[in-house]
**Q** 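Below you'll find the structure I mean.
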Amino acid sequence: QVQLEESGGGSVQAGGSLRLSCTAPGYVYKSFCMGWFRQGPGTEREGVATINKGGHTYYADFVKGRFSISKDDAKNTVYLEMNTLKPEGTAEYRCAALYCDTRGPTLPTIPSVAYWGQGTQVTVSS
């Protein structure tokens, strides 16, 4: 069973920052694009950001300019740096290994997910 290991969630006040990490097995990290999703209370899971094997990125409009996705190939790890967090950012965040879109990175969608992380909770208080 493939496991993507996440860390970095927690509680923060509005305007604060958190960094999430997701480490994948080497064969997964090298074969797939990587992305992040989130699901807030009573909402559907939505794609947040994608990074492809070449390091090109794509962001949902609601995080552009505030979140940054990056990766460390030596550690098989993807990061989601979240700045200027808002209360509506309260959600379970999950990383995923994604089937790459040949046209380039796009907003991650559930059908594109090959493997899921276990999720990490982020709570933003006002």
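Note that the structure is a prediction, hence the values are computed from the model and not measured.
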**Q** Can you measure from CD (Gln118) to CD (Glu5) and round to the nearest 0.5 angstrom?
**A** 7.5 Å

**Q** If you apply the rule side-chain contact (heavy atoms from CB on, under 4.5 Å), what do you find for Val12 with Thr123, and how did you get there?
**A** CA-CA 6 Å; Val12 65; Thr123 301; over 6 Å; no

**Q** What are the two closest heavy atoms between Glu44 and Gln39, and how far apart are they?
**A** C-CG, 4.0 Å

**Q** Going by the ring pair (Phe, Tyr, Trp, His ring centres under 6.0 Å) test, name the single residue among Tyr29, Tyr99, Phe32 that passes it with Tyr115.
**A** Phe32

**Q** Determine whether the side chains of Thr23 and Asn76 contain a donor N or O and an acceptor N or O closer than 3.5 Å.
**A** no

**Q** To the nearest 0.5 Å, what is the distance between SG on Cys100 and NE2 on His56?
**A** 12.5 Å

**Q** Ignoring hydrogens, what is the shortest heavy-atom contact between Ala24 and Leu4? Give both atom names and the distance.
**A** CB-CD2, 3.4 Å

**Q** Search all heavy atoms of Gly89 against all heavy atoms of Val124 and return the closest pair with its distance.
**A** C-CG2, 4.3 Å

**Q** If two hydrophobic side chains count as joined below 4.5 Å and joins carry through other members, does Met34 share a cluster with Leu20?
**A** yes

**Q** Within this structure, what is the CG-OG1 distance for the pair Asn52 and Thr50, rounded to the nearest 0.5 Å?
**A** 9.0 Å

**Q** What's the spacing between Ser125 OG and Gln13 CD if we round to 0.5 Å?
**A** 5.0 Å

**Q** What are the two closest non-hydrogen atoms of Arg45 and Glu92, and how far apart are they?
**A** NH2-OE1, 3.9 Å

**Q** Looking only at heavy atoms, what is the nearest atom pair of Ala14 and Ser126, with distance?
**A** CB-CA, 4.3 Å

**Q** Could you see if Trp36 belongs to whatever hydrophobic cluster contains Phe62? Use Ile, Leu, Val, Met, Phe, Trp, Tyr and a side-chain cutoff under 4.5 Å.
**A** yes

**Q** Could you check whether the rings of Tyr93 and Phe67 sit parallel, tilted or perpendicular, using 30° and 60° as the cut-offs?
**A** tilted

**Q** Between Val48 and Val63, which heavy-atom pair has the shortest distance, and what is it?
**A** O-CG2, 3.7 Å

**Q** In Å, rounded to the nearest 0.5 Å, how long is the span from OG of Ser70 to CG of Leu80?
**A** 8.5 Å

**Q** Between Tyr58 and Ile69, is there a shared hydrophobic cluster once you connect ILVMFWY residues whose side-chain heavy atoms come closer than 4.5 Å?
**A** no

**Q** Membership question, hydrophobic clusters at under 4.5 Å side-chain separation (ILVMFWY): are Ile110 and Leu98 in the same one?
**A** yes

**Q** Measuring from atom OG of Ser17 to atom CE of Met82, what distance do you get when rounded to the nearest 0.5 angstrom?
**A** 8.5 Å

**Q** Would Asp73 and Lys30 count as a side-chain contact (heavy atoms from CB on, under 4.5 Å) if you check the C-alpha gap in whole Å, the side-chain angles of each, and the deciding distance to 0.1 Å?
**A** CA-CA 8 Å; Asp73 292 343; Lys30 291 176 175 61; over 6 Å; no

**Q** Test your reading of the model: is there a side-chain donor-acceptor pair from Thr57 to the backbone of Ile51, 3.5 Å cut-off?
**A** no

**Q** For Ser112 and Pro108, indicate whether the former's side chain and the latter's backbone hold a donor-acceptor pair under 3.5 Å.
**A** no

**Q** Honestly curious: do Trp116 and Val122 fall in one hydrophobic cluster under the side-chain, below-4.5 Å linking rule?
**A** no

